[in-house]
Amino acid sequence: MEFAELIKTPRADNVVLHCPFHLAVEGTLCLTGHHLIFSSRRQDNAEELWLLHSNIDSIDKRFVGSLGTIVIKCKDLRIIQLDIPGMEECLNIASSIEALSTLDSVTLMYPFFYRPMFEVLEDGWSSFLLEQEFELLSSVTNEWRLSCVNKDFSVCPSYPPVVIVPKSIDDEALRKVALFRHGGRFPMLSYYHKKNGMVMMRSSQPLTGTNGRRCKEDEKLVNATLRSGRRGFVIDTRPLNVAQQARAKGGGFEQEVHYPQWRRIHKYIERFNILQESFIKLVEACNDQSHNMDRWLSKLEASNWLTHIKELLTTACLAAQCIDRESASVLVHGSEGTDSTLQVTSLAQIILDPRCRTIRGFEALIVREWLQAGHPFQQRCAQSAYSNSKQKWEAPVFLLFLECVWQIHRQFPCSFEFNEQFLIMLFEHAYASQFGTFLGNNENERAKLKLPQKTMSLWSWVNRPEELSRFQNPIYEANSLVIWPSVAPQSLQLWEGVFLRWNRPSKFLEEAEKERINIIKYNKELQARVNALRRRLAELEVNDAVQE
Amino acid sequence: QVEQVKLLDRFSTSNKSLTGTLYLTATHLLFIDSSQRETWILHHHIAAVEKLPLTTSGCPLVIQCKNFRIVHFVVPRERDCHDIYNSLLQLSRTAKYEELYAFSYNPKQNESEQVKGWQLIDLAEEYKRMGVPNDYWQLSDANRDYKICETYPRELYVPRTASKPIIVGSSKFRSKGRFPVLSYYHKNKEAAICRCSQPLSGFSARCLEDEHMLQAISKANPSNRYMYVMDTRPKLNAMANRAAGKGYENEDNYSNIRFQFVGIENIHVMRSSLQKLLEVSGTRGLSVNDFLSGLENSGWLRHIKAVLDAAVFLAKAIAVESASVLVHCSDGWDRTSQVCSLGALLLDSYYRTIKGFMVLIEKDWISFGHKFSDRCCQLDGDPKEISPVFTQFLESVWNLTEQFPQAFEYNEAFLLQIHEHVHSCQFGNFLGNCQKEREDLKLKEKTYSLWPFLLAEQKKYQNPLYNPDFSPELTLLEPNTVSFNFKFWRNMYHQFDRSMHPRQSMFNLIMNTSEQNKQLEEDIKELEAKIKQKNGQSDVVLEKEQEQTAHPAPVALKSPPCFQKEQPPMPVNDAVRTIEGSNTADNRYSELVSEFSKAEPAVVSLEYGVARMTC
């Protein structure tokens, strides 16, 4: 297919662009296969807008006479308006945008066409291999092994080709366990807590069904993670009744009789359409400037968004607490083990593991616990808060995770190597990107699409020193402790950087942030100068002494 | 003194506690726990004491403070509890001003320092700064002996064309004699903020002198013919007042006025709103939705928004239209003070400095007779007179500091500290209801002024991000008052609930770094001088060049504080990078686990900055 077929009017002049909190600008609009480009043609070229078609969530058009207006709502929640003279041009442009922003085929997406203008210093596709992770693990324990049982994705289509499992469990047993777990997602290592050797495992629900099926190998596998005489916790991200209902559909949960050393805790983390609705309601509330106070607060409440944040953080803290405080191993799962499970395991690691609070460590966490773990990014991030379609696969699962990280970040602003911009950048790229990292739903699909060969990795770009400097937190100071956030409603806040970003002037806040960074930088400069002067003085004193 | 008293964590669900000893002194309640941490509570800060039904571990005693601290003790013996309860009831209720702490508080200042302290804020000086007296405005001696209005200050500024008979006539037509006077003069726009109380208009009464008075105000502004009259009350309330012979201005009777209601609720609504807010925020195991709906039902943020909206209206009338504005409510000492002072704060960057803010409070709140004693319940009096009007003012200012992080010289700690002392009765400034009462009490001889003490420790109250060039003199701050900009002020209402605060404070870090930068600059100068001494001129030139390339100082160097005396109570300032987070018990997600393993170590780090009061 040629993109040109979809572009009937590639260019329109005298178009007026309206962005919130900016003056309207007149200029030229161009459509290319992957971008909408607006240029004011002013000499300084200050007003230029490049918008990826894949970033467009929905578009509306309306006419007043022959002046057409297109309102474009983006997946990063921005809303822009274009006034296009000429009904035909406007209709053509609108239909092109619509077609180009909803391309079915992954291989037509921009990452397959993007040619980077920078030199690749380190290929992000091989920056975070599980083998490296395992090497680190091997230096502290020898109870685990790398298994290639899934090398052709036949045992579990949503798992990576290599996984870390207890040494005592052989591949044959793993195959049996896979049959007993939803989607073949057998329990595998998610995190090893060096401090006390406790572990966090994740899986999908066991397929016990109504007649209480059991699987000896599964029991052996999960028990292999326990120290003798110790107990473990199963954190089920569904409430008990939902877990019970799941049995009717062949799913279920670990029965006490068969897993006597495990205690089950049911928590409730919302998923899928409920999350998506919550997201849509929150964005609606934030975008309406006319709400009076009561209406704003009741809309904020009705969205339930902050409730989801609190529930998720609470569950993650509980998992972390079991490991760090109770010295117990933990198994986390919900139904499929690809959404709420990953939110909990990755957040618990943020709390427990200082490495995950560094830039590289956080990237590794996202690769390991989200991309390799088979979170279906393509399905979940196909549409954002402005979608009108009722597809049931979309859900802001990853965004919710990022926001929880932000909430912890706010409470421990010195303990993270990255800043808020880094989190916002990840949110944007998960929904629309020139990089291939978040394409596909799991490693299997990515391998089939040959993403590492055909597209550029986000990490190849982010980890370049010039980009990295934008995402570094100037007040970072490595903190080796476990960080326990407060989950009281009074301690949680709306993530303004994402939800109010386009709805209020942020100039003063940005300037203040710059000033903060200046103070820190200036401090470092001064300290360096003082040290240099001290050395100089010492030298002079030595010289004096010699001369005397 | 009672031993073996338990202090419970207000928000813990598992009844964790600290055991220690409780002492009662003449001025404070003191709790020292087993690790020798001290909790001081000033008797004047106690808003309510409650004895709960006896439990197996003892007799619970809950103390609520005006600074929003709530402590929950369990006293082992009921008799002791009863004694403490009775003593506290007596000690926290004072019948006479002379028994208040300010009269016994002795900061070891000598007499001349005391006098100088009171002279620090000079309102005559302030009016001069604004540019009055001038061709249009003059100082009136009408109230020199408090004959016209007891609740106004002696010195009042009025239009030159307002003669004594007009003033007298107008004052008779205004509730409590509070006739229109100047509150703020904007010298560039030549427009004025004036304030008064409601007219005694009833349904049809008129007063020619009052009409002349308003005309005089409007004529005192050469750049605009009309003036605004802002009635800060909801229209319905103002109309209801007509039945009692009060009311609002009839536009037909006054020439060239534009009349406007702005709908700020009265003191009773505000009192119950705060009560509701505190009930919600004090709930244990609060869910997000209960919190948000409680916040909505309390109406608190709606009221804050109304106050700020009114101030924005006022400031724009002056800055954009160059129109003078007359502000009133009923008596003109609550909502009027809020709106006039916030309006001036938006208009004039001087009030965004530490000294300027003190002046603003002295002028619009203290001198114009905001009834601090009644509103803050300094003496045992009518509970219906209590209202958080001043707290709302501080909260509105806090909201502005959040939107304009670089516009204010002072920080949040400054606002909290002022709030603390409005209720502490430790200094004379806020005692009593009006200037006349303060003079009768001889406060300037018998008590100390708060301001020099705050200035002496102003380092703590400086905003490290403050940029004086951010808003040159007389530039208008235009806050965005869309609802989502208003947030719950956690650091005020949960000031003492440390478990809810961020475990690392970005603010403290920036504060300390900025402070350290100043020290480093000094060090560099010193070192350079030494090197210069040792080593001829040539090297120093080199150093100078380096210095120029270095980043300019982000914060202007301030002159050293002048009143270095005893340290009054400190705001929360912990070490910068304390990690209190290593305690899950603080965070209330531990319930499910504790039943599984009973042997959880009983560590509760209750509060960090507990030892706050030093006397």
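Residue numbering restarts at 1 for every chain, and letters A, B, ... go by the order of the sequence lines.
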Inset, instruction - Establish, from distance only, whether the side-chain atoms of Glu515(A) and Tyr466(B) form a donor-acceptor pair under 3.5 Å. - result: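 Glu515(A) vs Tyr466(B): no donor-acceptor pair found between side chains.
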Legend entry - Residue pair Thr513(B), Asn523(A): steps toward the side-chain hydrogen bond (donor to acceptor under 3.5 Å, both in side chains) verdict: CA-CA 7 Å; Thr513(B) 309; Asn523(A) 181 262; 5.4 Å; no
Any side-chain heavy-atom pair of [X] and [Y] under 4.5 Å:
X: Phe484(B); Y: Leu494(A); value: no
X: Pro489(A); Y: Leu292(B); value: no
X: Phe507(B); Y: Arg516(A); value: no
X: Arg503(B); Y: Ile483(A); value: no

Between [atom1] of [X] and [atom2] of [Y], what distance do you get to the nearest 0.5 Å?
X: Asn517(B); Y: Gln527(A); atom1: CG; atom2: CD; value: 8.0 Å
X: Met293(A); Y: Lys305(B); atom1: CE; atom2: NZ; value: 6.5 Å
X: Ser298(A); Y: Asn297(B); atom1: OG; atom2: CG; value: 10.0 Å
X: Leu533(A); Y: Ile531(B); atom1: CG; atom2: CD1; value: 4.5 Å
X: Ser293(B); Y: Leu300(A); atom1: OG; atom2: CG; value: 11.0 Å

Would you name the heavy atoms of [X] and [Y] that are closest together and state the gap between them?
X: Ser483(B); Y: Asn292(A); value: OG-C, 3.2 Å
X: Leu509(A); Y: Glu402(B); value: CD2-O, 3.5 Å
X: Ser499(B); Y: Ser486(A); value: O-CB, 3.3 Å

Legend entry - Step-by-step side-chain contact (heavy atoms from CB on, under 4.5 Å) determination, Gln493(A) to Lys487(B): CA-CA 9 Å; Gln493(A) 257 188 22; Lys487(B) 276 166 259 166; 4.1 Å; yes
Legend entry - Results of side chain to side chain donor-acceptor pair (under 3.5 Å) for Glu395(B) - residues two or more places apart only: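 Scan of Glu395(B) (side chain to side chain donor-acceptor pair (under 3.5 Å), adjacent residues dropped) gives Trp300(B), Tyr493(B).
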Legend entry - Asn289(B) portion near chain A, given a 4.5 angstrom heavy-atom threshold: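 Its backbone and side chain both get close to chain A.
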Legend entry - Atom group of Ser281(B) that falls short of 4.5 Å from chain A, counting heavy atoms: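 For Ser281(B), the contact with chain A is made by backbone and side chain together.
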Legend entry - Trace of the side-chain contact (heavy atoms from CB on, under 4.5 Å) decision for Asn503(A) with Val482(B): CA-CA 10 Å; Asn503(A) 297 331; Val482(B) 174; over 6 Å; no
Inset, instruction - Please find out if less than 6.0 Å separates the ring center of Phe470(B) from that of Phe508(A). - result: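 Ring centres of Phe508(A) and Phe470(B) closer than 6.0 Å.
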Short side-chain to backbone donor-acceptor contact, [X] and [Y], under 3.5 Å:
X: Gln504(B); Y: Cys414(A); result: yes
X: Gln411(A); Y: His501(B); result: no
X: Ser491(A); Y: Met500(B); result: yes

Inset, instruction - Return the option, out of Leu306(A), Asp324(A), Ile309(A), Leu492(A), with the maximum number of heavy-atom pairs under 4.5 Å with chain B. - result: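 Winner by heavy-atom pair count: Leu306(A).
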Inset, instruction - For chain B, find which of Glu511(A), His291(A), Arg410(A), Arg504(A) contributes the most heavy-atom pairs closer than 4.5 angstrom. - result: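 Greatest number of close heavy-atom pairs with chain B: Glu511(A).
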Legend entry - Choice from His494(B), Lys530(B), Glu526(B) maximising heavy atom contacts with chain A below 4.5 Å: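 The residue among His494(B), Lys530(B), Glu526(B) with the greatest pair count is His494(B).
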Inset, instruction - Starting from the C-alpha separation in whole Å, work towards a yes-or-no answer on side-chain contact (heavy atoms from CB on, under 4.5 Å) for Leu465(B) and Ile519(A). - result: CA-CA 9 Å; Leu465(B) 304 179; Ile519(A) 290 174; 4.0 Å; yes
Inset, instruction - Sequence neighbours left out, what pairs pass salt bridge (Lys or Arg N to Asp or Glu O under 4.0 Å) with at least one residue falling in residues 283-304 of chain A? - result: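 For residues 283-304 of chain A: Asp294(A)-Arg302(B).
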Inset, instruction - Could you go through the salt bridge (charged side-chain N to carboxylate O under 4.0 Å, His left out) check for Arg529(A) and Glu528(B) one step at a time? - result: CA-CA 10 Å; Arg529(A) 274 174 59 70; Glu528(B) 275 173 351; 3.1 Å; yes
Legend entry - chain B contact via Leu526(A) - side chain, backbone, both or neither, heavy atoms under 4.5 Å: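 Leu526(A) touches chain B through backbone and side-chain heavy atoms alike.
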